[in-house]
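Below is one structure; the comments refer to it alone.
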Amino acid sequence: MGPIGPIGLMTEKMSSEAPKAGNSHRSPMSHTSHPRLKVKQALSSAGPVEEVQISGWVRTRRDAKGFSFLEINDGSCLASLQVIVDASCPQYAQIHDYTTGAAVRAKGALVASQGQGQKWELKAAELHLVGAADDSYPLQKKRHSLEYLREISHLRPRSNLFGAVFRVRSRLAYAIHQFFQERGFVYVHTPLITASDCEGAGEMFRVSVLDPVNPPKNKDGSIDYSRDFFERPTYLTVSGQLEAEIFALSHGDVYTFGPTFRAENSNTSRHASEFWMIEPEMAFCDLEGDMDLAEEFIKHLILDILDNCSEDLDLFGKFVDKGLHDRLRFVLERPFERISYTEAVELLQKSGVKFDYPVEYGANLQSEHERYLTETHFKRPVTVFNYPKEIKPFYMRQNDDDKTVAAMDVLVPGIGEIIGGSQREERLDRLDAALEHHGLDQEDYWWYRDLRKYGSAPHAGFGLGFERMLMFVTGVANIRDVIPFARTPGNAEF
RNA sequence: UGCUCAGUAGCUCAGUGGUAGAGCAGGUGGCUGUUAACCACUUGGUCGCAGGUUCGAAUCCUGCCUGAGCAGCCA
């Protein structure tokens with residue numbers, strides 16, 4: 001038998017439970033004499049089992065004369081276990097209490113199913129209603145809209161779709177660590193609270209303990225942040241990159257994986273105010289190596305999910321995105337297209353397509369341009385590199401042409417930018433020039449500049465949006481549906 | 001933040017100027033193996049909120065609220 005489930009789901013005991021003597025051989029997490037068997041394990045059983053105990057939530061009940069079917073799901077897998085309850089079960093008289101949504105425990109024999117659709121089913125010898133759910137239970141056994149389910153984020157993980165999404169999310173996080181750990185990358189925890197709004201890009205959430213009604217003021221009327229908790233203005237981080245660079249220049253290859261925050265008033269299907277990001281940073285690495293890693297990384301993640309989440313992926317392929325499997329296979333089997341920004345601009349201009357926004361050198365590529373490249377022209381992920389320095393942040397490494405920086409964006413069909421990265425400017429004189437050009441004060445970046453004074457080395461990295469990657473592998477179209485509790489402008493329930 | 005669309009039963013939706021509807025969920029009864037079970041009957045409504053036009057408004061107009069799509073910002 002596999003590992004026993006988490007503490008907290010097993011606070012009650014069957015009334016017929018055996019004495020607790022002789023339990024010392026069991027897992028310390030086992031609380032009963034008949035440990036809970038996961039539905040996933042039950043359904044993959046090699047043969048019938050005389051007595052098993054499963055715990056979960058009722059998905060639906062079907063009554064016939066003299067017996068009932070209970071579908072019990074425990075979140076361990078997409079499928080539910082069918083439980084047969086007839087008069088031989090003492091609780092059959094109360095079967096009407098076992099409604100959709102109720103938490104239940106069932107004990108009995110795992111037997112081959114007489115019916116179609118499942119190999120194994122549980123013949124209930126004993127049922128226990130752990131927690132009832134009355135008829136106001138919001139999750140009915142029918143299709144709900146994603147918008148409605150979003151309003152009940154505390155219950156939607158119990159639905160088929162979100163059960164699958166969050167199992168895949170968990171696996172994807174595991175696969176990310178696995179990818180980097182196998183390659184000798186060191187996992188760095190960069191701070192969530194930061195004093196620098198380094199990138200200057202985007203609004204940040206302020207972190208403060210000052211009285212918002214009556215904050216201490218300077219003589220000129222401005223707020224006196226020297227009397228705040230950190231004795232200076234502080235914010236939630238928008239990126240761990242600058243700190244990751246510190247560790248790249250000590251540990252070589254490192255990565256961060258944690259939440260980041262943007263206070264932008266963004267209302268799109270691919271932006272959230274709080275989201276997770278993976279940021280590898282590699283010393284002695286140039287843009288080429290950066291792009292190579294990005295491509296290898298994405299392919300590793302796709303392959304891992306295909307190999308380990310096939311049942312959940314089948315659900316997405318069936319109900320969310322019919323082309324999902326083909327697209328994932330396609331991406332896996334082909335090299336990403338690599339094209340310089342300059343070439344991309346020329347390609348778009350020669351395409352003959354009439355875009356809403358004109359394509360011109362020196363401007364950011366618009367969503368419609370990115371979409372044309374990935375969805376229409378190349379029909380695969382596209383890595384665009386060497387952008388004009390004017391439209392990129394100060395820390396990106398200047399190219400010899402004096403016009404572009406060693407930046408790269410990976411664009412994927414359906415989502416757009418999934419990775420943004422660059423080789424970093426490792427030359428102090430060039431960095432100082434860039435700081436000045438961007439109107440930034442050298443003193444504010446004293447430690448970042450120190451890295452260029454003491455043992456500076458070429459290095460590069462990128463940021464992958466975790467939720468965007470999850471959208472890509474599941475086909476789920478809205479970022480709010482791949483994060484357990486979405487934070488977007490005007491929304492912080494749960 | 002701008003543009004566009006939507007808000008009707010617990011849920012998914014129909015109704016577009018004249019007595020508020022269906023499916024599912026809930027209830028009652030039936031059915032020996034169902035699997036979104038099925039069959040019959042049945043409960044259920046401040047038509048997002050506020051104003052206006054009209055003999056009469058779910059329906060037309062205005063404002064507000066909420067949600068969604070697209071765009072910008074980006075991951």
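Each chain gets a letter, A, B and so on, in the order its sequence line appears, and its residues count up from 1. Below, each value reflects all heavy atoms present in this structure, side chains not excepted, and no hydrogens, waters or symmetry copies.
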Among the nucleotides B:A25, B:A71, B:A75, whichever has the atom closest to the side chain of A:Glu417 is B:A75

Base, sugar-phosphate, or nothing: which does A:Asp356 touch, judged by heavy atoms less than 4.0 Å apart? nothing

Please name the residue in the list A:Ile84, A:Thr60, A:Val85, A:Asp63 that meets the side-chain contact (heavy atoms from CB on, under 4.5 Å) test with A:Phe69. A:Ile84

The side chain of A:His144 lies closest to which of these nucleotides: B:G10, B:C11, B:C70? B:C11

Between B:C55 and B:A36, how many Å separate the two C1' atoms, rounded to a whole number? 48 Å

By the 4.0 Å heavy-atom rule, please label A:Arg371 as base, sugar-phosphate, or nothing. sugar-phosphate

Looking at B:G51, which nucleotide sits across from it as a Watson-Crick or G-U wobble partner, both distances under 3.5 angstrom, or is there none? B:C61

Regarding A:Tyr148, tell me which of base, sugar-phosphate or nothing describes its non-hydrogen contacts under 4.0 Å with the strands shown. sugar-phosphate

Taking the nucleotide of RNA chain B with the nearest heavy atom to each, does A:Glu368 or A:Asn265 sit closer to the 5' end? A:Asn265

So if I take every side-chain heavy atom of A:Tyr357 and compare against B:A25, B:G26, B:A71, which nucleotide ends up nearest? B:A71

To the nearest angstrom, how far is A:His369 atom NE2 from B:G72 atom C1'? 13 Å

For a quick check, tell me whether the side chain of A:Glu151 and the base of B:G67 share a donor-acceptor pair closer than 3.5 Å. no

Going by the angle between their ring planes, with limits at 30° and 60°, are A:Phe355 and A:Tyr372 parallel, tilted or perpendicular? perpendicular

Whole-angstrom distance between B:G17 and B:C13, as gauged at atom P: 23 Å

Among the nucleotides B:A71, B:U34, B:C24, which one has an atom lying closest to any side-chain atom of A:Gln82? B:U34

Side-chain donor/acceptor contact of A:Gln140 with base of B:G26 under 3.5 Å: no

Taking any heavy-atom pair under 4.0 Å as a contact, classify A:Arg59: base, sugar-phosphate, or nothing. nothing

So what does A:Ile278 hit on the nucleic acid, given a heavy-atom distance under 4.0 Å: a base, only sugar-phosphate, or nothing? nothing

Taking the C1' atom in each of B:C61 and B:U16, what is the distance between them to the nearest angstrom? 15 Å

Which nucleotide in B:G33, B:C74, B:A71 has an atom nearest any side-chain atom of A:Asn364: B:C74

When both distances are under 3.5 Å in a Watson-Crick or G-U wobble arrangement, the nucleotide paired with B:A40 is B:U28

Side-chain ion pair, A:Asp481 and A:Arg150, N-O less than 4.0 Å: yes

Using the ring of A:Phe179 (Phe, Tyr or Trp, six-membered ring only), decide whether A:Arg183 places NZ or CZ under 6.0 Å from its centre and within 45 degrees of its axis. yes

Taking CG from A:Leu122 and P from B:G33, how many angstroms apart are they, rounded to a whole number? 20 Å

For B:C11 and A:Ser145 - does any side-chain N or O of the residue sit under 4.0 Å from the phosphate oxygens OP1/OP2? no

Mind checking if A:Ser136 touches a base, just sugar-phosphate, or nothing, with heavy atoms under 4.0 Å? nothing

Would you classify B:U16 as syn or anti? Syn applies when the glycosidic angle is within 90° of 0. syn

Spacing between A:Phe261 atom CZ and B:A75 atom P, to the nearest angstrom: 16 Å

Around A:Phe330, counting heavy atoms of other residues, nucleotides and ligands shown, do more than 12 lie under 6.0 Å from its CZ? yes

Confirm from the modelled atom types if A:Arg270 and B:C70 form a donor-acceptor pair under 3.5 Å, side chain to base only. no

Nearest to side-chain heavy atoms of A:Asn478, which nucleotide of B:G69, B:A71, B:G26: B:G69

Please tell me which of the listed nucleotides, B:G69, B:U34, B:C31, lies nearest to the side chain of A:Ser113? B:U34

For B:G15 versus B:A6, give the span between their P atoms, rounded off to a whole number of Å. 12 Å

Could you tell me the Watson-Crick or G-U partner of B:A6, where both distances fall under 3.5 Å? Say none if there is no partner. B:U66

Check the angle between the aromatic planes of A:Phe462 and A:Phe297 and answer parallel, tilted or perpendicular using the 30° and 60° thresholds. tilted

Hey, does A:Gly66 reach any base, or is it just sugar-phosphate, or nothing, if we go heavy atoms under 4.0 Å? nothing

Evaluate the ring planes of A:Tyr445 and A:Tyr448, with Trp represented by its six-membered ring, and classify them as parallel (under 30°), tilted (30 to 60°) or perpendicular (over 60°). perpendicular

Sugar-phosphate only, base, or nothing, as touched by A:Glu467 at under 4.0 Å among non-hydrogen atoms: nothing

Separation of the C1' atoms in B:A20 and B:C38, to the nearest angstrom: 29 Å

Regarding A:Ile418, tell me which of base, sugar-phosphate or nothing describes its non-hydrogen contacts under 4.0 Å with the strands shown. sugar-phosphate

Categorize A:Glu71 for me: base, sugar-phosphate, or nothing, with a 4.0 angstrom heavy-atom threshold over every strand shown. base

When the P atoms of B:C11 and B:G48 are compared, how many Å lie between them, rounded to an integer? 13 Å

side-chain N/O A:Arg480 vs B:A68 OP1/OP2, d < 4.0 Å: yes

Determine the contact category for A:Glu370: base if any of its heavy atoms lies under 4.0 Å from a base atom, sugar-phosphate if only primed atoms, P, OP1 or OP2 are that close, otherwise nothing. nothing

Taken to the nearest whole Å, CD/A:Glu493 to C1'/B:U66 is 14 Å

Residue mapping more 5' on RNA chain B - nearest nucleotide basis, A:His96 or A:Gln114: A:His96

Would you please classify the geometry between the A:Tyr187 ring and the A:His177 ring as parallel, tilted or perpendicular, with 30° and 60° separating the classes? perpendicular

What integer number of Å spans the C1' atoms of B:U8 and B:A58? 7 Å

What's A:Glu147 touching, base or sugar-phosphate or nothing? Going by heavy atoms closer than 4.0 Å. sugar-phosphate

Is there ring stacking between A:Phe275 and B:A75, where the centres must be under 5.5 angstrom apart and the planes under 30 degrees? yes

Can you tell me the distance, in whole Å, between the CG atom of A:Asn73 and the P atom of B:A36? 15 Å

Partner of B:U16 by Watson-Crick or G-U wobble geometry, both contacts under 3.5 Å, or none? none

Is any N or O donor-acceptor pair between the side chain of A:Asp63 and the base of B:U34 shorter than 3.5 Å? no

Atom CG of A:Leu155 to atom C1' of B:G10: distance rounded to whole Å? 13 Å

Would you mind classifying the nucleic acid contact of A:Thr268 as base, sugar-phosphate or nothing, using non-hydrogen atoms under 4.0 angstrom? base

What is the distance, rounded to the nearest whole Å, between atom CD1 of A:Ile84 and atom P of B:G33? 12 Å

At what distance, to the nearest 0.5 angstrom, does CZ of A:Arg158 lie from OG1 of A:Thr100? 11.5 Å

Side chains of A:Ser367 and A:Arg270, heavy atoms from C-beta outward: is any pair under 4.5 Å? yes

Using OP1 and OP2 only, check whether a side-chain N or O of A:Arg61 sits under 4.0 Å from B:U34. no

What is the separation between atom CG on A:Asp134 and atom P on B:G27, rounded to the nearest whole Å? 10 Å

For atom P, what is the distance between B:U54 and B:A9, given to the nearest Å? 30 Å

